[in-house]
Amino acid sequence: MDCIFCNIVAGKFGTEILAQNEQAIAFRDINPLAKVHILVVPRKHSSTIAALTEEKELVGLFALVREVASKFTDGQFRLQFNSGEKEGQTVFHTHAHVLSGRAV
Ligand code: AMP
Ligand code: ZN
């Protein structure tokens, strides 16, 4: 298994999990670009948000985004999905960036 986020989901790296539900997990980005920079990642592998079509998974992913935003930001945040290499995606396991606060 060479997908870095699949390995994090499997607990291989001991990454601190900030929040989770049946469909997704959330952890801090290793290279934060804002005061709060959290990744929300579906447990099940898919390459980009465009490839994630299952309703239950989408609902679970966005429910966790809302939970993370309410717990770790002041309610104001940006939500970003880099989708495709040209658009800056470097890890090809779907993930949402939750960004809030000044760049660090
Ligand atoms: P993207 O450019 O949208 O594919 O974002 C991938 C993000 O994953 C980058 O912001 C990286 O800093 C982050 N990242 C890569 N490896 C790890 C890791 N082991 N733990 C946490 N974040 C990571
Ligand atoms: Zn994966």
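All residue numbers in this chain count up from 1 along the given sequence. Both counts, for ligands and for their atoms, begin at 1 and track the order of listing.
Put simply, the side chain of Phe27 does not reach to within 4.5 Å of the side chain of His95, judged on heavy atoms. Counting only heavy atoms from C-beta outward, the side chains of Ile25 and Arg43 approach each other to under 4.5 Å. Val41 is not listed as a side-chain neighbour of Thr94, based on a closest heavy-atom distance of 4.5 Å or more.
Its N, O or S atom nearest to the Zn ion (ligand 2) is what matters here, and for His93 that atom is ND1. Note on His45: its N/O/S atom closest to the Zn ion (ligand 2) is ND1.
Near Phe27, meaning under 4.0 Å from any of its heavy atoms, are these atoms of ligand 1: 21 (C). Proximity to Asn82 (heavy-atom distance under 4.0 Å) selects the following atoms of ligand 1: 1 (P), 2 (O), 3 (O). Of all atoms in ligand 1, numbered sequentially from 1 with element shown, those under 4.0 Å from a heavy atom of Asn31 are 12 (O). Of all the atoms in ligand 1, the ones that sit under 4.0 Å from a non-hydrogen atom of Ile4 are 16 (N), 19 (N). Within ligand 1, counting atoms from 1 as listed, the ones closer than 4.0 Å to a heavy atom of Phe5 are 8 (O). Close contacts of ligand 1 with Ile8, meaning ligand atoms under 4.0 Å from a residue heavy atom, involve 18 (C), 19 (N), 20 (N).
Note on ring orientation: taking the six-membered ring where Trp is involved, the planes of Phe62 and Phe81 are tilted (angle from 30° to 60°). The aromatic rings of His37 and His97 sit tilted relative to each other, their planes meeting at an angle between 30° and 60°.
Considering Leu33, Asp29, Thr15, Thr94 only, the shortest heavy-atom separation from atom 7 (C) of ligand 1 involves Asp29.
Proximity of Gln80 to ligand 1, defined as any heavy-atom pair under 4.0 Å, is not found for any part of the residue. Of the heavy atoms in Phe81, none comes closer than 4.0 Å to ligand 1.
In this structure, the side chain of Ser83 does not engage the main chain of Thr48 through any donor-acceptor pair within 3.5 Å.
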